[in-house]
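Side-chain atoms are counted along with the backbone in the values below, which use heavy atoms only and exclude waters and symmetry mates. Everything quoted here is computed from the prediction, not taken from an experiment.
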Amino acid sequence: QVQLVESGGGLVQAGDSLRLSCTASGRTFTIYTIAWFRQAPGKEREFVAHIRYSNEHTNYADSVKGRFTISRDVAKDTIYLQMNSLKPEDTAVYYCAAATMTGMGGYGDWGQGTQVTVSS
């Protein structure tokens, strides 16, 4: 239904910034919400942020509030995650996911992930 491709990960030092991109293709007109999740080794998948397409309302996990910003470029069908003041505990594989009108519910379409590593 929707194909998602993440990019922008890399290796940075604590305090640095990165901007992740999630480009959507396919039936993008069916998207309700795009979210960013992350998963660190040995941990469960964690919600990071989401943006609602109808009104661009955003929500953030407490651990990233004030540091991360999710935004949307409508013309490019791209969602960004601007990450500032990065901490070693932000190290994880970051995934974007879409909740759509035609899905079974929840986030049914996922990207392949991009690695973010923050050194101390």
Side-chain angles (χ1 to χ4, degrees):
Q1 294 183 346
V2 175
Q3 294 78 50
L4 303 170
V5 179
E6 304 97 332
S7 62
L11 173 62
V12 298
Q13 294 183 339
D16 286 350
S17 298
L18 278 176
R19 189 179 74 166
L20 305 183
S21 298
C22 172
T23 299
S25 60
R27 299 170 64 87
T28 59
F29 59 89
T30 67
I31 296 173
Y32 280 130
T33 306
I34 293 286
W36 286 97
F37 294 84
R38 66 187 182 186
Q39 187 166 18
K43 293 186 176 182
E44 296 296 316
R45 185 183 64 193
E46 176 188 19
F47 168 80
V48 177
H50 79 212
I51 184 165
R52 186 181 300 160
Y53 269 32
S54 61
N55 59 5
E56 298 199 352
H57 177 267
T58 59
N59 192 38
Y60 299 90
D62 288 342
S63 59
V64 306
K65 284 181 179 177
R67 299 189 298 120
F68 290 11
T69 302
I70 188 170
S71 62
R72 178 190 180 200
D73 186 324
V74 176
K76 295 181 179 180
D77 275 332
T78 298
I79 306 299
Y80 301 102
L81 185 68
Q82 178 67 45
M83 306 185 295
N84 298 327
S85 301
L86 283 163
K87 305 175 181 179
E89 50 263 46
D90 295 318
T91 296
V93 177
Y94 284 71
Y95 301 89
C96 62
T100 66
M101 300 176 187
T102 57
M104 296 180 63
Y107 294 96
D109 298 303
W110 294 77
Q112 82 290 344
T114 185
Q115 176 72 47
V116 173
T117 302
V118 184
S119 66
S120 59

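- Under the 4.5 Å side-chain heavy-atom criterion for grouping Ile, Leu, Val, Met, Phe, Trp and Tyr, Tyr80 is not connected to Tyr94 through any hydrophobic cluster.
- Scanning both residues, Ser21 and Thr78, for their nearest heavy atoms gives CB-CG2, 4.2 Å.
- With respect to Lys65 and Asp62, a salt bridge is recorded, a charged nitrogen being found less than 4.0 Å from a carboxylate O.
- In this structure, Val5 and Gln112 have side chains that are in contact, with non-hydrogen atoms separated by less than 4.5 Å.
- With a 4.5 Å cut-off on side-chain heavy atoms, Val64 and Arg38 count as touching.
- With a 4.5 Å cut-off on side-chain heavy atoms, Glu46 and Ser63 count as touching.
- For the pair Ser120 and Ala14, the tightest heavy-atom approach, listed with the atom from each and the gap, is CA-CB, 4.5 Å.
- Between atom CZ of residue Arg45 and atom OH of residue Tyr95 there is a gap of 9.5 Å, rounded to the nearest 0.5 Å.
- For the pair Ala24 and Val2, the tightest heavy-atom approach, listed with the atom from each and the gap, is CB-CG1, 4.2 Å.
- Residues Tyr60 and Val48 fall within the same hydrophobic cluster, defined by Ile, Leu, Val, Met, Phe, Trp and Tyr side chains chained together at heavy-atom separations under 4.5 Å.
- With ring centers used as reference points, Phe68 lies 6.0 Å or more from Trp36.
- Aromatic ring pairs are classed by plane angle as parallel below 30°, tilted from 30° to 60° and perpendicular above 60°; the pair His50 and His57 is tilted.
- The shortest distance between side-chain heavy atoms of Val116 and Met83 falls below 4.5 Å.
- Of the possible donor and acceptor atoms, one in the side chain of Glu6 sits under 3.5 Å from a partner among the backbone N and O of Cys96.
- Ser85 places no side-chain N or O within 3.5 Å of a backbone atom of Arg67 that could act as its donor or acceptor partner.
- Going from atom CD1 of Ile34 over to atom CG of Leu81 covers 12.5 Å, rounded to the nearest 0.5 Å.
- Of the possible donor and acceptor atoms, none in the side chain of Thr58 sits under 3.5 Å from a partner among the backbone N and O of Ile51.
- Taking OG from Ser25 and CG from Leu4, the interatomic distance works out to 7.5 Å, rounded to the nearest 0.5 Å.
- Note that CD1 of Ile70 and CZ of Arg52 are 12.0 Å apart. Values are rounded to the nearest 0.5 Å.
- Cluster annotation: Val93 and Phe47 are assigned to the same hydrophobic cluster (Ile/Leu/Val/Met/Phe/Trp/Tyr, side-chain heavy-atom contacts under 4.5 Å, transitive).
- The CG atom of Leu20 sits 12.5 Å away from the CD1 atom of Ile79 when rounded to the nearest 0.5 Å.
- Two residues are said to be in side-chain contact when any heavy atoms from C-beta on lie closer than 4.5 Å; Thr33 and Tyr107 meet this criterion.
- Distance check, rounded to the nearest 0.5 Å: CZ of Arg72 to OH of Tyr53 gives 4.5 Å.
- Listed for the Gln1 side chain is a donor-acceptor partner under 3.5 Å among the backbone atoms of Thr102.
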Exercise. Can you check side chain to side chain contact (heavy atoms under 4.5 Å, CB included) on Thr23 and Gln3, steps first, answer last?
Worked result: CA-CA 8 Å; Thr23 299; Gln3 294 78 50; over 6 Å; no
